[in-house]
Amino acid sequence: MKGEMAAAALVPLAVTFLFSLSSAASPVQWGKLDPHFYDHSCPQAQLIVASIVGKAHYQDPRMAASLLRLHFHDCFVKGCDASLLLDSSGSIVSEKRSNPNRDSARGFEVIDEIKAALEAACPGTVSCADILALAARDSTVMTGGPGWMVPLGRRDARGASVQGSNNDIPAPNNTLPTIITKFKLQGLDIVDLVALLGSHTIGDSRCTSFRQRLYNQTGNGLPDMTLDVSYAAALRPRCPRSGGDQNLFFLDPVTPFKFDNQYYKNILAYRGLLASDEVLLTGSPATGDLVKLYAANQDIFFQHFAQSMVKMGNISPLTGADGEIRKHCRRVNHN
């Protein structure tokens with residue numbers, strides 16, 4: 001009962017937040033998308049999404065990071081088209097089976113709940129791709145981060161690309177040039193890269209994603225020299241040389257459930273958990289300067305993060321007559 005009351009208390013907060021965005025100006029071009037896309041066809045859409053995300057966040061503090069990550073992993077593969085949400089069926093091999101998503105992507109049940117509520121309110125109207133974009137924004141706000149107007153009007157893909165998921169999503173052990181290239185292929189620059197990786201201010205990572213830093217970073221049997229020695233020592237008991245692959249560790253152990261700029265302060269102290277985090281400081285002066293800027297000024301980080309989220313959300317959307325509006329996010333309509 002208390003949980004239901006607390007979750008319900010989030011709804012008026014969501015209403016206030018959404019109204020505060022209604023007059024905000026977008027910092028980048030929306031392209032074919034429009035924040036007011038559902039104003040007439042489903043005016044309650046954003047409130048429905050925000051209320052269910054709020055309930056999920058209250059029940060599971062990890063969920064905000066998980067929902068934010070789904071949007072990233074969707075947009076980096078064939079654009080923001082909800083291809084990630086499709087289960088394997090017929091000719092479709094699910095992106096959920098890819099290396100970046102297997103055993104780690106989560107939150108699909110929350111998306112299902114949002115979709116069911118939207119279908120009840122406005123059948124066949126709101127796309128799964130737009131649900132992901134809205135849930136990512138709401139998750140950021142509910143953990144203390146910035147808000148932004150979400151351009152809407154995406155449609156859903158009728159296929160998936162497990163190969164694209166394996167190849168196009170930046171990996172924890174990628175070199176900085178590789179990560180920069182993967183962002184550039186999506187039309188995202190170095191500012192977008194460093195700002196968007198700031199989403200690691202919340203969430204967890206598995207031991208298997210950073211183990212090599214503790215024991216054998218370059219194949220010489222030595223730990224990563226850019227990892228703080230005391231931090232490495234604290235990580236090893238739950239991330240041994242073998243076993244414990246799925247053990248979870250906070251990406252930001254200082255404020256793990258708060259969206260803030262602590263992630264960048266950790267990197268400056270050589271306490272970035274993933275190699276792909278720490279390399280932002282050590283890999284190039286340009287990215288290192290941005291790490292220092294965001295560590296010193298949370299307002300600028302928030303501004304850049306919001307701008308980059310809108311930009312990322314604009315990657316190759318299906319619009320007009322392309323794609324479809326799925327009735328169920330896990331399968332295409334004719335299945």
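- In this structure, Phe250 has its ring center under 6.0 Å from that of Phe257.
- Inter-residue side-chain proximity for Pro146 and Phe259 is flagged as met; some heavy-atom pair is nearer than 4.5 Å.
- For the 3.5 Å distance criterion, the side chains of Thr178 and Thr175 qualify, holding a donor opposite an acceptor.
- Heavy-atom minimum distance, Val332 versus Ala157: CG1-O, 4.1 Å.
- By the 4.0 Å N-to-carboxylate-O rule, Arg155 lies too far from Asp130 to be salt-bridged with it.
- Not counting sequence neighbours, Ser91 has no partner by the side-chain hydrogen bond (donor to acceptor under 3.5 Å, both in side chains) test.
- In this structure the side chain of Leu67 never reaches within 4.5 angstrom of the side chain of His71, judged on heavy atoms.
- Between Tyr294 and Tyr263, the distance from one ring center to the other does not fall under 6.0 angstrom.
- Under the 4.0 Å criterion applied to side-chain N and carboxylate O atoms, Asp192 and Lys311 are assigned as salt-bridge partners.
- The two residues Ala64 and Thr143 come nearest to each other via the heavy atoms CB-CG2, 3.6 Å.
- Residues passing the side-chain contact (heavy atoms from CB on, under 4.5 Å) test with Arg236 are Leu214, Tyr215, Pro223, Ala232, Ala233, sequence neighbours excluded.
- Among residues two or more places apart in sequence or in another chain, the side-chain contact (heavy atoms from CB on, under 4.5 Å) test is passed with Arg69 by His73, Ser104, Ala105.
- Pairs passing the salt bridge (charged side-chain N to carboxylate O under 4.0 Å, His left out) check and including a residue from residues 264-286, sequence neighbours excluded, read Asp228-Arg271.
- Arg97 and Ser88 form a side-chain donor-acceptor contact under 3.5 Å, judged by distance and modelled atom types alone.
- The salt bridge (charged side-chain N to carboxylate O under 4.0 Å, His left out) contacts involving residues 115-128 comprise Lys115-Glu119, where partners must be two or more places apart or lie in separate chains.
- Residues Arg213 and Met225 are not in side-chain contact: their nearest non-hydrogen atoms beyond the backbone lie 4.5 Å or more apart.
- For the 3.5 Å distance criterion, the side chains of Ser83 and Asp81 qualify, holding a donor opposite an acceptor.
- Every residue meeting the ring pair (Phe, Tyr, Trp, His ring centres under 6.0 Å) condition with Phe210, not counting sequence neighbours, appears here in chain and number order: Phe249.
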